[in-house]
2 protein chains.
Amino acid sequence: MTPARVYQHPETSEIAMPKVLFALSEPLRLNMVRMLVERGEVDSIELGPELPRSTLTHHTSLLRESGIVFVRAEGRKCMIRLREDDLEARFPGLIQTVLNGYPAPVDDVDDVDDVDDVDDEEGA
Amino acid sequence: MTPARVYQHPETSEIAMPKVLFALSEPLRLNMVRMLVERGEVDSIELGPELPRSTLTHHTSLLRESGIVFVRAEGRKCMIRLREDDLEARFPGLIQTVLNGYPAPVDDVDDVDDVDDVDDEEGA
DNA sequence: CTGATCGTTCGAAAAATCTCGCACGAAGAT
DNA sequence: ATCTTCGTGCGAGATTTTTCGAACGATCAG
């Protein structure tokens, strides 16, 4: 099992607030982060099934390089998950605070799984 | 006393998370926000004494248009303050969470008192 | 009034970012 | 082996952002 593709990740201490905020400042990436919070580790393609592959790689790379997500290769595909512990250690409450202030797009209604590992509700 | 310059501000409900995050994603502007939290309302020039005026206007305008600050003309100069209540109502805890994760530059030593509380009276 | 200072706007130039087609190597299926 | 699918890197083009000088009106001191 030699990992074919190796991904570079910043150390926890290297994660910088401006880079993280910039990564989160795009609705596309912010929705990706929300999905990661809700679903845990996901196949990269789930983050943007209708995006061109090179575009998707661009956004996932940016999320990875800013320290928001951890990426690992599994066979052909790559699995992506939020660096929850690292982010929580470095910027406590940030992700939750941001997501609370950014309503999920209503057009996404296909997640009917019992996903209540995330805490509490969103108002309005 | 007709206000010479009038500034457009987004309604509280119009303040959008992506725009706010983008505005905060630049160290320059993030430091401005920190100063606003610490000092309350300040003369715009205090936010960047060494910046060209047009550059300063650019950044303060961006902060204003994203809903982060309130700007008012007073004589020749313009006074800027954080929209604390509006931001807190819309994105509870966001500003504090972000600033907590972004250490102040040690370069700046003219900081008077230690920053322990921020929700206090700081009026001029 | 004159002169100085301030913030804004315009314009242009530079830098960064975003999008996406294409070719390539790696991995799985047959 | 071949064929297909996947992610990545490259390159180009488009869009956005950043910077800052110059000109202008407004304000204040004299």
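Below, chain A is the first sequence line, B the second, and so on; all start at residue 1.
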N or O in side chain of Ser54(A) less than 4.0 angstrom from dG21(C) OP1/OP2: no
Mutual orientation of the aromatic rings belonging to Phe22(A) and Phe22(B) [parallel < 30°, tilted 30-60°, perpendicular > 60°]: tilted
Whole-Å distance between dA15(C) P and Glu26(B) CD? 16 Å
Between dT8(C) (P) and Leu47(B) (CG): distance, integer Å: 12 Å
Has His59(B) got a side-chain N or O lying under 4.0 Å from the OP1 or OP2 atom of dT19(D)? yes
Do Thr12(B) and Asp85(B) come close enough that some side-chain heavy atom pair is under 4.5 Å? no
Rounded to whole Å, the CD-C1' distance (Gln8(B) to dT8(C)) equals 15 Å
Just so I know, are the side chains of Pro52(A) and His58(A) near enough to count as touching, which here means a heavy-atom distance under 4.5 Å? no
May I have the distance from Leu51(A) (atom CG) to dT19(C) (atom P), rounded to whole angstrom? 8 Å
Under 4.5 Å between any side-chain heavy atoms of Val71(A) and Leu63(A), yes or no? no
Consider only side-chain heavy atoms of I, L, V, M, F, W and Y, link residues closer than 4.5 Å, and tell whether Leu62(A) and Leu47(A) are in one cluster. no
Quick one: Leu28(B) CG to dC20(D) P, roughly how many Å, whole number? 10 Å
Distance, rounded to the nearest Å, where Leu62(A) contributes CG and dT8(D) contributes C1': 15 Å
Give the rounded distance in Å between these two atoms: CD of Glu65(B) and P of dT8(C). 11 Å
Could you point out which residue of Val69(A), Ile15(A), Leu36(A) forms a side chain to side chain contact (heavy atoms under 4.5 Å, CB included) with Arg83(A)? Ile15(A)
dG7(C) phosphate, OP1 or OP2, under 4.0 Å from Arg64(B) side-chain N/O: no
Mind checking whether Arg34(A) and Leu30(A) have side chains closer than 4.5 Å, heavy atoms only? no
Can you check whether His58(A) has a side-chain N or O nearer than 4.0 Å to OP1 or OP2 of dG9(D)? no
In B/S/- notation, 5' to 3', how is nucleotides 1-7 of chain D contacted by protein heavy atoms closer than 4.0 Å? ---BBSS
